Amino acid sequence: MQGIAAYLQVMDWSDLPIFLAIARTGQLAKAAQSLQIDATTAGRRLRRLEQAVGERLFEQGPDGQTLTPAGERLLTHARAMERAAAAIGEREAGGPVRGTVRVSVSEGFGSWFVGRHLGSLADAHPDLSVDLVASSGFLNPTRRETDVAVLLARPRRGPLLTRKLADYGLRLYASHDYLAVHGMPTAAEQLREHRLIGYVPDILYAPELRYLDEIPGAPAPQLRSSSINAQHRMTAAGAGIAVLPCFIGDGDPELERVLPELAIRRSFWLVTHEETRHFAPVAAFTDWLGALVAQHRGELTG
């Protein structure tokens, strides 16, 4: 068995792009598609790489390919080589950013804010591809599941670079139709007379989502969803009153604030792995997002 350390001395560079693509996508077919080759060729090159290393690099699971410990070790070296090659290419080509950056954000922030503006990044960097993972839950930068993450709390450990991206505000919202039928509450105690919408409490993916705990007298929500977009749709349809980020609630003309004196504050934290801070796609995205948030700070804070 040659081993990774020995392989790196005589490596075939042409095999690393397929390895990196599988590690990023978790699927052989998707990796082949991203490299514009057929899956049979991708599989053959992966087997050739594993034979050269002398160890299995991926395990096949129900959801696709997952890295083995040997694969994790090779990934560290492969990404370092990829960053070095990208830096050399950018200097030689005068600086255009090429490659792919994967970004993990909360569902609401990704759908209502980042996604709405992402075209401007693509206009500025035509050769940059962005995988926007906007879901209930986050990918983990420490485990290299994502290049960039926007989290609701600052990570306490791991080889990560973290900075506060922005504070954002949340308020109670209801639709005009709902308020026309049920009336506008004038005190927090009156919320007990209304139907509330919120998260499913036992499957919250972050404790920062326990918004209703901070509103005195608020009853438990009757209509619950793990999706902030589903909560918004229920609210817009007149099903009840919900706590929504201001960039969602104020962005929907069918909604209006309820008890506007009640405001909740949270923060977004921008997180990258310390080894990717000089990777041009990562830097391009984080610089763009930082400037975007500064430009729209009032929309976020409400």
Side-chain angles (χ1 to χ4, degrees), residues 95 97 99-142 145-156 158 160-173 205-209 211 214 227-229 231-232 242-253 255 257 260 262-274 276-302:
V97 178
T100 301
V101 59
R102 175 171 292 184
V103 183
S104 176
V105 298
S106 63
E107 181 189 26
F109 188 57
S111 301
W112 286 83
F113 188 80
V114 178
R116 179 157 54 91
H117 298 283
L118 203 53
S120 65
L121 177 64
D123 290 339
H125 301 290
D127 296 322
L128 175 65
S129 297
V130 180
D131 295 338
L132 181 64
V133 184
S135 60
S136 298
F138 299 103
L139 301 181
N140 191 327
T142 302
E145 295 172 343
T146 186
D147 299 306
V148 180
V150 179
L151 306 179
L152 302 182
R154 183 170 192 158
R156 296 185 177 181
L160 304 172
L161 294 178
T162 304
R163 64 181 175 90
K164 181 184 281 191
L165 179 64
D167 292 324
Y168 68 100
L170 305 101
R171 295 178 184 272
L172 290 163
Y173 291 89
Y205 62 89
E208 290 77 18
L209 300 177
Y211 307 133
E214 299 180 29
S227 164
I228 191 66
N229 285 336
Q231 292 177 43
H232 163 256
V243 175
L244 297 173
C246 294
F247 58 81
I248 295 179
D250 291 344
D252 187 340
L255 301 182
R257 294 181 179 183
L262 295 178
I264 298 171
R265 286 286 181 268
R266 292 291 189 269
S267 299
F268 286 129
W269 295 87
L270 184 65
V271 182
T272 59
H273 197 281
E274 62 181 13
T276 66
R277 57 182 170 176
H278 299 306
F279 189 25
V282 172
F285 182 87
T286 55
D287 289 348
W288 168 81
L289 184 59
L292 181 70
V293 163
Q295 181 181 354
H296 295 272
R297 198 168 301 279
E299 178 183 343
L300 292 170
T301 58

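All heavy atoms count here, side chains included; hydrogens, waters and symmetry mates do not. Because the structure is predicted, anything quoted here is derived from the model rather than measured.
Put simply, CD1 on Ile248 and OG on Ser111 are 7.5 Å apart, with the number rounded to the nearest 0.5 Å. Between the CG atom in Leu151 and the OG atom in Ser104 there is a gap of 7.0 Å [rounded to 0.5 Å]. Rounded to the nearest 0.5 Å, atoms CG (Leu172) and CG (Leu255) are 12.0 Å apart.
For the side-chain contact (heavy atoms from CB on, under 4.5 Å) test, residues two or more places apart in sequence or in another chain that qualify with Thr100 are Ser129, Asp131. Take Thr162 and apply the side-chain contact (heavy atoms from CB on, under 4.5 Å) test, not counting sequence neighbours, and it matches Arg154, Pro155, Leu160, Trp269, Val271. Partners of Glu214 under the side-chain contact (heavy atoms from CB on, under 4.5 Å) rule, at least two apart in sequence or in another chain, are Ile264, Arg266. For Asp167, the side-chain contact (heavy atoms from CB on, under 4.5 Å) partners at least two apart in sequence or on another chain are Lys164, Ser267.
When side chains are defined from C-beta on, Phe285 counts as touching Leu118, because their heavy atoms get closer than 4.5 Å. The closest side-chain heavy-atom distance from Trp288 to His117 is below 4.5 Å. A 4.5 Å side-chain heavy-atom check between Val130 and Val103 finds at least one atom pair inside the cut-off. The shortest side-chain heavy-atom distance between Asp127 and Val97 does not fall under the 4.5 Å cut-off. You'll find the side chain of Tyr173 reaches within 4.5 Å of the side chain of Asp250, heavy atoms only. For the pair Pro245 and Phe113, the minimum side-chain heavy-atom distance is 4.5 Å or more. Within the 4.5 Å cutoff, the side chain of Leu170 has no heavy atoms near those of the Leu244 side chain. Leu270 has its side chain within reach of Leu289: a pair of non-hydrogen atoms, C-beta onward, lies under 4.5 Å apart.
The two residues Glu208 and Ala153 have their closest heavy-atom pair at OE2-CB, 3.2 Å. Closest approach of Gly302 to Arg171, counting heavy atoms only: O-NH2, 3.5 Å. Between Pro281 and Leu128 the shortest heavy-atom distance is CB-CD1, 3.5 Å. Counting all heavy atoms, side chain and backbone alike, Ala166 lies closest to Leu300 at CB-CD1, 4.1 Å. In this structure, Gly290 and Arg163 approach most closely via the heavy-atom pair CA-NH2, 4.4 Å.
Panel note: side chain Thr286, backbone Ala283; a donor-acceptor pair is recorded below 3.5 Å. A donor-acceptor pair is defined here as one N or O able to donate and one able to accept, closer than 3.5 Å; no such pair exists between the side chain of Glu107 and the backbone of Ala134. At distances below 3.5 Å, at least one donor-acceptor pair connects side-chain atoms of Asp147 with backbone N or O atoms of Arg102.
In this structure, His232 has its ring center closer than 6.0 angstrom to the ring center of Trp112.
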Evaluate side chain to side chain contact (heavy atoms under 4.5 Å, CB included) for Leu132 paired with Val114, printing each intermediate quantity in order. CA-CA 9 Å; Leu132 181 64; Val114 178; 4.0 Å; yes
Val282 and Val148: side chain to side chain contact (heavy atoms under 4.5 Å, CB included), yes or no, with the steps? CA-CA 7 Å; Val282 172; Val148 180; 3.9 Å; yes
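The aromatic rings of Phe247 and Phe109 stand perpendicular to each other, their planes meeting at an angle above 60°, with 30° marking the opposite boundary.
Counting only residues at least two apart or on different chains, the salt bridge (charged side-chain N to carboxylate O under 4.0 Å, His left out) pairs with a member in residues 288-301 are Arg116-Glu299. Counting only residues at least two apart or on different chains, no salt bridge (charged side-chain N to carboxylate O under 4.0 Å, His left out) pair has a member in residues 281-296.
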